[in-house]
Amino acid sequence: MDKGAYDFTKIEAKWQKYWLNNKTFGTPDGTDATRNRKPDPALPLAQRPKYYVLDMFPYPSGAGLHVGHPEGYTASDIVARYKRMVGYNVLHPIGWDAFGLPAEQYAVQTGTHPAATTQKNIDNMRRQIQSLGFSYDWDRQVDTTDPNYYKWTQWIFLKFYNSWFDEKLQKARPIEELPIPDEIKAQGQKAIQKYIGENRLAYESEAPVNWCPALGTVLANEEVVGGVSERGGHPVVRKPMRQWMLRITKFAQRLLDGLDKLDWSESIKKLQLDWIGKSVGAEVDFEVAGHNSKLRVFTTRPDTLFGATYMVMSPEHALVDKITTPEYKQAVKDYQEKAARKSDLDRTDLAKDKTGQFTGAYAINPVNDTNIPIWISDYVLISYGTGAIMAVPAHDDRDFAFATKFNLPIIQVVQPGDPNDAELVKQGKLCFAGDGIAVNSGQFTGLPTPEFKKKISAWLEEKKLGKETVNFKLRDWLFSRQRYWGEPFPILHAEDGRTIALKETDLPLVLPAVEDFKPTGTGEPPLAKAADWVNVKLPNGTKAKRETNTMPQWAGSCWYYLRYMDAKNPGVIFDPKKENYWMPVDLYIGGAEHAVLHLLYSRFWHKLLYDLGYVSTKEPFQKLINQGMILGEDNQKMSKSRGNVINPDKVIADYGADSMRLYEMFMGPLEATKPWSMQGVEGVSRFLGKVWRMMIDLETGELLRAVQDAKPDEETLRILHQTIMKVTGDIESFGFNTAISQMMICVNHLSKCDVRPKSVLEQFVLILSAFAPHICEELWEKLGHNKTLAYEPWPKFDSELAKEKKVEIAVQVLGKIKDKIVVSADATEAEIEKIALASEKVQTALAGKTPKKVIVIKDRLVNIVV
RNA sequence: GCCGGAGUGGCGGAAUGGCAGACGCGCAGGAUUCAAAAUCCUGUCGAGAUUACACUCGGUGAGGGUUCAAGUCCCUCCUCCGGCACCA
């Protein structure tokens, strides 16, 4: 018996093999001329318009796929399959972001080379991904650890190294085009080289960095969350070290401007906006009493200048030593040392208890010539603005807290709108940071805040005391790691101290095999131990050492979407013709955890490549969708310790890939966080069983006799067209869960019919195939077709056929439903009104009153107002 | 503290300002079966009322408002989730 039962294991293996062997999803490159054509499934692929659907680059971890991966991948696969059937040439690739810490830590523990671990993990993850039936073009895979790939990562690094940023044009340019100022030229070759070095977009810097002893590496600001490492939660301390940096700050304004035109969620845009953190304010110079020096501060509230009652410098500020008076020398020195020892966690301490030390020096407030004390405190950061502030305790919360603690004067200069607040601010009992009307501000008194800001900025500029300034929170990107398993920098350090970049023709610089992967613990990278590799003789006979830091994991994922377009090209990073055809990425799906890191870095690299003429679009990712997190069945985050982790392999083994795909889409809206339910998987798996039984005789495995070349009846046709319409619209708007509901309704109907017209079943199979491709390929074959349905034209709907002939309309009296009437769908409003008023129940409800107004909403309801 | 997002049956969720709860799960009853699984059918927001159907009232976190009509728009508040957190 049951010879013809729905055997998903067999069917899924069969079609996965078919797709791979036939390269069903191999994607030819089109040309410029075809990229903007109208989509047409009748055209050969290469002559169609393009559609680029991208999944976020997976890290091939030892744990393999988790259920979060297939969520985004299924969504993108549905769109890819749909777009293909609609008539696009769809680029849908996948690859491996395979450098990174876990493989290296495993190497440290076991001695297994990270390359071996990585290969194993990639193979496993590829198997898992293939077992879900995604329509990737497997010939376009990339692997960041492949020298043929990282050759180009190194190549892009050289582009950064060999470029400078033209502030006037707001654009990166080749370093050869950097104008050298005359005064630098006058100082000779060495000065010129130094000047050039200072302008490169990749540069070395000896600066306090986030050193993580547990990981044995430094981390980017973005990788430190609340004073501990984002990965693993290890403590991070500040330590001065020589590091490679990328000048992302130069692109801050453009990274901000580019956000406008992107079809991304407002919340992700906001996160990037906040991270870049633009503030417009003014820099103001304060004379230091009795010194020949000026203390420059940045403030966004130059209008509160009259309320500045003290100054605060960061403990690291260069002027501290110079202006501290003898009697405070020791106390200041003690405070500086204490601050230096503090980790970032201590400095951003949650209690925010302010500490500080008076320097003995005074500054002169330029607006009223008052002497105000200069303090140092670690609540002022050396790395932002000028590293010093004017403190206006009446109108800044931090200054207020500090002033209260150290008994410094508080002077109100802004009048809040609320009279109670105004009184409290006047008494120095409340801090008011909002806009208001200026008080105690000399000739400016009475001005509203925004106007005051403009006037005082102009005034400062005129008196040469300051000028309007823009500051960004964004810092340059710390780009080196003291790890083995990453891209080597194509850089040599010569004996004489010169830094020499490799020629492009010398790439790739291959990571050497080493025995010992352990971090040295001193901050010196493991590569330093590979003496043969590190020590190099230059053509002129002198010696040099290779850079031993490696690039961070972000490097490879910054540009992978570009290599997919031309994954195997040995000669160029990608063919410009292909780039012109495929870019930009039309749809990018992935987790929201990459909101600032990956997405900001990628955009940054893309802009460099744009400036240098390698890419044709200003932004890489046109539309971005973030899939939500999948929680465990207990509504908690999935984690080993909670024991609530769902293993995709197991789900596929028990229910099949089609059920897995369908369930992940049926759970709820793509972007929402939602809990897993094994019973929910059973639900959709029952649905697929029903689809099967609707067409297939379980005894024979052949089509049921009910499947006939018959003309569909009116209702069947209507439901089919409603379904095509709904599913088409829902795919376009990423409403996959409701698309599935509609397909369920369609199947529920067809299963009740004694005759199931083949034409209807065929169209149904085609639309379901985007969601559950394996079962649909099998059914398509059973329906008498001999090749894949992947390129069949997407069914068209006729909205006339989808319309109901009769509709039920609710009749309300004063908004309360009193009756329901059935009218013909093309009834006029007047007719509907007449029928509604004729209703006995309505008449009872009216109780003889005359309707004042009757509102008729076609196909919906009638509301009678009395 | 600040900035986002979200609160709808027992559960996941659905609803261009127009009949709240589509679809699925679960549950209950029935059919089929020697029996079970599978499958199919019926019911399933709450309260009231009825032999039964019909019926009545209430209901989308709380409170107010706009509107003929509010889950949806506006105001105030509460809760949960996510992000940022001395950036002057």
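Chain naming here is simple, since letters A, B, ... match the order of the sequence lines and numbering starts at 1 in each.
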Rounding to a whole Å, what distance do you find between [X]:[atom1] and [N]:[atom2]?
{"X": "A/Glu664", "N": "B/G24", "atom1": "CD", "atom2": "P", "result": "20 Å"}
{"X": "A/Leu670", "N": "B/G13", "atom1": "CG", "atom2": "C1'", "result": "15 Å"}
{"X": "A/Lys473", "N": "B/C2", "atom1": "NZ", "atom2": "C1'", "result": "10 Å"}
{"X": "A/Gln679", "N": "B/G26", "atom1": "CD", "atom2": "P", "result": "5 Å"}
{"X": "A/Phe666", "N": "B/A22", "atom1": "CZ", "atom2": "P", "result": "12 Å"}
{"X": "A/Ile719", "N": "B/C23", "atom1": "CD1", "atom2": "P", "result": "12 Å"}
{"X": "A/His749", "N": "B/C23", "atom1": "NE2", "atom2": "P", "result": "15 Å"}
{"X": "A/Met744", "N": "B/A22", "atom1": "CE", "atom2": "P", "result": "14 Å"}

The side chain of [X] is closest to which nucleotide in this list: [options]?
{"X": "A/Thr300", "options": "B/A14, B/A88, B/G13", "value": "B/A88"}
{"X": "A/Lys853", "options": "B/U39, B/G18, B/C68", "value": "B/C68"}
{"X": "A/Tyr384", "options": "B/A14, B/C68, B/A88", "value": "B/A88"}
{"X": "A/Ile389", "options": "B/A88, B/C68, B/C25", "value": "B/A88"}
{"X": "A/Arg693", "options": "B/C55, B/C40, B/G18", "value": "B/C40"}
{"X": "A/Ser741", "options": "B/G58, B/A22, B/C86", "value": "B/A22"}
{"X": "A/Lys818", "options": "B/C57, B/A88, B/A20", "value": "B/C57"}
{"X": "A/Pro675", "options": "B/C19, B/C55, B/G13", "value": "B/G13"}
{"X": "A/Lys752", "options": "B/C68, B/C19, B/C41", "value": "B/C41"}

When you measure from the side-chain N and O atoms of [X] to the phosphate of [N], is any distance below 4.0 Å, counting only OP1 and OP2?
{"X": "A/Arg860", "N": "B/A69", "answer": "no"}
{"X": "A/Asn748", "N": "B/G24", "answer": "yes"}
{"X": "A/Asn737", "N": "B/A14", "answer": "yes"}

Task: A/Leu624 side chain reached by A/Asp263 side chain, heavy atoms, under 4.5 Å - done: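 Not in contact.
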
Open item on the list: Just confirming the chi classification of B/G64, syn or anti, using 90° around 0 as the syn window.
Closed with: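 This nucleotide is in anti.
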
TODO: Compute whether any side-chain donor of one residue and acceptor of the other, for A/Ser314 and A/Glu316, lie under 3.5 angstrom apart.
DONE: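 Present: a donor and an acceptor within the cut-off.
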
Open item on the list: Is it true that A/Asn471 and A/Lys278 share a donor-acceptor pair across their side chains at a distance under 3.5 Å?
Closed with: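 The answer is no; no qualifying pair exists.
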
What contact category does [X] fall into here, base, sugar-phosphate, or nothing, at under 4.0 angstrom with non-hydrogen atoms?
{"X": "A/Leu271", "value": "sugar-phosphate"}
{"X": "A/Ser677", "value": "nothing"}
{"X": "A/Ile857", "value": "base"}
{"X": "A/Ile745", "value": "sugar-phosphate"}
{"X": "A/Glu671", "value": "nothing"}
{"X": "A/Ser279", "value": "sugar-phosphate"}
{"X": "A/Asn863", "value": "base"}

Open item on the list: By nearest heavy atom, map A/Asn635 and A/Val684 onto RNA chain B; which one lands nearer the 5' end?
Closed with: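 The residue whose closest nucleotide sits nearer the 5' end is A/Asn635.
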
Task: Carboxylate-amine/guanidinium proximity below 4.0 Å for A/Lys752 and A/Glu715 - done: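 A salt bridge is absent here (no side-chain N lies under 4.0 Å from a carboxylate O).
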
Task: Side-chain ion pair, A/Glu829 and A/Lys858, N-O less than 4.0 Å - done: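 No.
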
Task: Watson-Crick or G-U wobble partner of B/A70, both distances under 3.5 Å - done: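 B/A70 is paired with nothing.
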
Open item on the list: Is the distance from the ring center of A/Tyr379 to that of A/Phe402 below 6.0 Å?
Closed with: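 Distance test on ring centres: under 6.0 Å, yes.
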
Open item on the list: Let's test your reading of the model: under 3.5 Å, does the base of B/C3 pair with the side chain of A/Lys270 as donor and acceptor?
Closed with: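 It does not, because no donor-acceptor pair links the side chain of A/Lys270 to the base of B/C3 below 3.5 Å.
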
TODO: Record whether the side chain of A/Lys852 comes under 3.5 Å of the base of B/C68 through a donor-acceptor pair of N or O atoms.
DONE: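 Flag unset: no donor-acceptor pair detected.
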
- [ ] Identify the heavy atoms of A/His395 and A/Val413 that sit nearest to each other, and give their distance.
- [x]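 Residues A/His395 and A/Val413, closest heavy atoms: NE2-N, 2.9 Å.
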
